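It should be emphasised that the depicted structure is a prediction, and the values quoted were computed from it without experimental measurement. Convention: sequence-line order gives letters A, B, ...; per-chain numbering from 1.
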There are 2 protein chains.
Amino acid sequence: METATIKDIAKALNLSTSTVSRALRGSYEINPETKRIVLECAEKLNYRPNPIALSLKENRSRAIGVIVPEIDNPFFSQAINGIEAIAYNRGYHVVIFQSHESYERELVNVQHLLARRVDGVLISLSGQTNNYEHLHGLQEKGVPLVFFDRFTDAITTHKVIADNFKGAFEGTEHLILSGRKKIAHLGASSFLSITTERIKGYKAALEKYNIPFDESLIRYCNFSIQEMETIIDDLLSESNPPDAIFTVSDRLAMACLTILKEKHIAIPKDIAVMGFTNLKVASLLEPAFTAVVQPALEMGQRAAELLLDLVEKKSKAPTNFQTIRLPTELVIRKSTAL
Amino acid sequence: METATIKDIAKALNLSTSTVSRALRGSYEINPETKRIVLECAEKLNYRPNPIALSLKENRSRAIGVIVPEIDNPFFSQAINGIEAIAYNRGYHVVIFQSHESYERELVNVQHLLARRVDGVLISLSGQTNNYEHLHGLQEKGVPLVFFDRFTDAITTHKVIADNFKGAFEGTEHLILSGRKKIAHLGASSFLSITTERIKGYKAALEKYNIPFDESLIRYCNFSIQEMETIIDDLLSESNPPDAIFTVSDRLAMACLTILKEKHIAIPKDIAVMGFTNLKVASLLEPAFTAVVQPALEMGQRAAELLLDLVEKKSKAPTNFQTIRLPTELVIRKSTAL
DNA sequence: TATTTTTATGCAATCGTTGTCGGCAACGTT
DNA sequence: AACGTTGCCGACAACGATTGCATAAAAATA
């Protein structure tokens with residue numbers, strides 16, 4: 001059962017394909033009676049326009065590409081959920097790639113998306129990425145690009161991010177006000193904007209309360225479980241370990257909790273733990289986990305909207321690129337109790 | 001900066017497009033010297049073949065469609081992770097849709113995928129789907145279809161599923177052996193294969209240990225949080241409530257735990273709770289959550305492999321469709337302790 | 001030298017759709 | 001009667017790439 005084309009309709013009705021095409025799009029220069037017949041025949045043959053043919057002609061694909069480090073991460077799957085919702089409503093399809101925190105993989109993904117002629121790209125950078133030529137390449141080819149969550153200032157475009165500074169500031173402040181004196185900050189890759197912004201927030205909070213900054217309390221984890229455990233172990237085995245740990249990702253938070261439990265360290269009594277996390281079960285953890293929650297779904301939605309606006313913008317007038325900073329929410333639970 | 005086409009190369013070298021095309025594919029009938037020049041020029045212009053043009057000619061898109069109820073669900077995001085990995089390696093792209101547990105939405109998704117001329121479809125049915133005409137439609141159009149996790153026997157094709165019967169049997173048996181007498185089973189939609197299979201496993205375990213089956217202990221939740229809470233509330237407020245609850249999804253497990261905690265019901269002392277779940281934090285919950293874990297990643301991989309085999313099969317010989325049943329893993333933790 | 005074979009290349013059709021152009025009636029206008 | 005309008009429709013080219021067929025020139029053979 002092959003799919004009917006405009007030619008089949010033309011043949012069946014003894015018309016030209018041009019006439020059928022125009023009738024289907026309701027052109028004014030087609031006889032209403034002819035239109036009726038064509039529509040009827042199209043219905044009968046279950047005609048569906050071939051988007052591939054249209055893509056070829058119009059040089060667009062009505063698809064947008066999304067590159068995330070890992071799909072299987074609540075933050076990103078929530079964001080993709082938001083992206084899919086917007087794209088769906090506006091008639092676009094979503095093509096997904098994972099960088100697995102690898103620069104090389106991200107590069108290949110971008111090349112695939114270029115080859116595929118996607119109409120635009122949403123990206124959250126890999127933890128290894130510190131060269132942005134591939135993204136410049138996209139822009140040079142005229143493919144709109146929008147960052148969400150993990151961006152770089154090396155590229156000029158829309159960015160939709162959480163208010164990482166404020167989130168980290170409030171979180172750190174909360175720890176300080178809970179009486180913690182020695183607060184460790186477990187960051188992600190040092191290349192990432194989210195890392196530097198959050199560290200700034202952390203430092204600002206320390207400063208506000210006149211707590212001296214100790215470089216050795218900041219650690220960078222590039223997201224391999226192995227590495228995280230080594231770092232956390234190292235941090236805890238010091239002669240004078242921290243009395244609070246602020247982690248910046250779901251995976252870090254989990255690894256941290258696991259290790260502390262293994263070591264039978266009491267939370268929050270001996271060490272308070274909190275983190276940037278979008279785990280929905282945070283309240284059900286033992287102890288209930290204090291979290292800086294990012295509006296992942298909304299972030300995906302906003303980013304998709306901005307991207308599609310760029311894609312559909314007729315005028316090539318220079319755009320005022322925005323950086324949208326969405327507020328985070330500090331949810332205080334038992335893991336940081338006094 | 002437009003993308004170079006085969007024509008640009010032809011023009012630049014004063015050759016015909018046919019020659020360029022053949023040179024690029026290394027045809028034996030092209031002069032080696034000409035080949036060299038063409039390759040060189042293609043390199044210089046950064047030529048990339050246009051997959052849309054190829055799709056039009058070959059009537060294939062090198063993309064596969066995936067329909068899941070929700071991306072933002074650890075089981076499905078893990079499965080998509082597996083799907084993406086396989087598709088990526090075999091040169092296919094993954095286009096994702098969510099049915100949001102809605103039959104209508106699933107229908108529209110299938111139509112979109114058909115219109116898009118995807119080469120194949122992977123689907124895990126929505127909880128509302130009990131009519132399968134849309135899937136027959138896919139097959140009639142020659143689009144291969146493979147189920148994962150949630151399937152229907154009404155369609156003949158490959159199916160990759162967890163061993164739901166055995167998983168539920170072992171889980172229920174574990175509860176019985178832990179001394180539980182009145183075990184509630186919270187199923188998903190009654191339309192779904194996963195629901196019926198798991199209930200069979202549940203019943204079989206009861207039978208083995210001569211525990212009478214009580215219809216009122218089985219409840220169906222169509223996945224709206226509201227509905228789940230009502231049902232769980234109802235179950236618990238009976239005069240003689242169950243002493244164990246077996247839930248079949250991540251969301252049900254979470255809702256159940258939340259409500260029990262709100263009611264200050266002791267787990268596992270008063271009621272044991274366990275479930276089919278792929279939450280990675282199960283061990284960090286309070287209490288640590290006993291789980292029947294499904295090999296979600298592998299399920300996605302196997303399903304994608306089977307689908308791509310179907311897509312690429314030259315011969316249209318009738319296929320021996322398989323139903324691959326992957327073993328689940330029972331991880332016993334504190335929530336069902338004696 | 002005449003003929004065949006080989007080599008290397010170009011032409012044109014194709015995939016499904018749309019845009020440009022042009023044409024043919026049937027009108028209405030002077 | 002001659003001309004201009006208008007309504008309606010078809011032919012053709014184009015998007016990018018592939019491919020069967022034709023064909024020119026060069027090489028091999030008779």
Side-chain angles (χ1 to χ4, degrees), chain A residues 1-39 41-42 45-63 91 114-119 141-143, chain B residues 1-39 41-42 45-63 91 114-119 141-143:
Chain A
M1 180 69 75
E2 295 303 310
T3 317
T5 75
I6 220 168
K7 279 188 194 168
D8 299 320
I9 301 178
K11 215 172 293 172
L13 301 176
N14 213 20
L15 287 171
S16 76
T17 57
S18 332
T19 304
V20 174
S21 170
R22 275 178 291 230
L24 289 173
R25 347 211 88 244
S27 162
Y28 67 96
E29 45 179 69
I30 298 295
N31 188 319
E33 176 61 10
T34 310
K35 270 187 202 169
R36 203 185 53 72
I37 297 179
V38 169
L39 262 337
C41 182
L45 297 181
N46 193 28
Y47 168 78
R48 294 277 175 277
N50 185 328
I52 297 176
L54 282 180
S55 291
L56 182 60
K57 207 157 172 46
E58 299 174 1
N59 204 29
R60 51 160 25 212
S61 60
R62 287 206 163 269
L114 258 179
R116 275 276 155 167
R117 310 295 203 269
V118 291
D119 295 341
K141 303 264 183 201
V143 181
Chain B
M1 179 71 74
E2 296 302 311
T3 317
T5 74
I6 217 168
K7 279 187 194 168
D8 299 320
I9 301 178
K11 215 172 292 172
L13 301 177
N14 213 19
L15 287 171
S16 76
T17 58
S18 343
T19 305
V20 175
S21 170
R22 274 181 283 241
L24 289 172
R25 353 209 84 245
S27 163
Y28 67 97
E29 45 180 41
I30 297 294
N31 188 319
E33 175 61 11
T34 311
K35 268 187 203 170
R36 202 187 53 72
I37 298 179
V38 170
L39 261 342
C41 181
L45 297 181
N46 193 26
Y47 168 78
R48 294 280 176 274
N50 185 328
I52 296 176
L54 283 179
S55 291
L56 183 59
K57 195 147 178 51
E58 299 173 1
N59 205 28
R60 51 156 30 208
S61 59
R62 286 207 165 268
L114 258 180
R116 276 275 156 170
R117 309 297 202 268
V118 292
D119 295 341
K141 302 266 183 199
V143 180

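Computed from coordinates, the A:Ile52 CD1 to C:dC15 C1' distance equals 10 Å when rounded to whole Å. Between B:Lys11 atom NZ and C:dG10 atom C1' the separation is 16 Å, expressed in whole Å. For A:Leu56 and D:dA17, the CG to C1' distance is 9 Å, given to the nearest whole Å. For B:Lys7 and D:dC15, the NZ to P distance is 4 Å, given to the nearest whole Å. For B:Lys35 and C:dT9, the NZ to C1' distance is 14 Å, given to the nearest whole Å. Following rounding to the nearest Å, B:Ile6 (CD1) and D:dA17 (P) show an atom-to-atom distance of 5 Å. One interatomic measurement links the two molecules: CZ of A:Arg48 to C1' of C:dT17, which rounds to 16 Å at whole-angstrom precision. Rounded to an integer number of Å, the gap from A:Asn31 CG to C:dA26 P is 14 Å.
When each of A:Glu29 and B:Arg22 is assigned the nucleotide of DNA chain D with its nearest heavy atom, A:Glu29 is the one assigned upstream, toward the 5' end. Both A:Thr17 and B:Tyr28 sit near DNA chain C, but only B:Tyr28 has its closest nucleotide nearer the 5' end.
Remark: B:Asn50 is not in phosphate contact with D:dA17, judged by side-chain N or O atoms under 4.0 Å from OP1 or OP2. Between A:Ser18 and C:dT17 there is no side-chain polar atom (N or O) within less than 4.0 angstrom of OP1 or OP2. For B:Thr34, a side-chain nitrogen or oxygen approaches OP1 or OP2 of C:dT9 to under 4.0 Å. Using a 4.0 Å cut-off, no side-chain N or O of B:Ser21 falls inside it from OP1 or OP2 of D:dA17.
Contacts of B:Leu15 with the nucleic acid, taken as non-hydrogen atoms under 4.0 Å apart, involve only primed sugar atoms and P, OP1 or OP2.
With hydrogens and angles disregarded, no donor-acceptor distance shorter than 3.5 Å links the side chain of B:Lys141 to the backbone of B:Arg117. Between the A:Ser16 side chain and the A:Thr19 main chain, a donor and an acceptor come within less than 3.5 Å of each other.
Contact of the A:Leu45 side chain with the A:Ile9 side chain is registered, since non-hydrogen atoms from C-beta on lie closer than 4.5 Å. Looking only at side-chain heavy atoms (C-beta outward), A:Leu114 and A:Val143 come within less than 4.5 Å of each other.
One finds the CZ atom of A:Arg22 at 10.0 Å from the CD1 atom of A:Ile6 (value rounded to the nearest 0.5 Å).
Side chain A:Ser16 to base D:dC9: no donor-acceptor pair is found below 3.5 Å. For A:Lys57 against D:dA14, a side-chain-to-base donor-acceptor contact under 3.5 Å is present.
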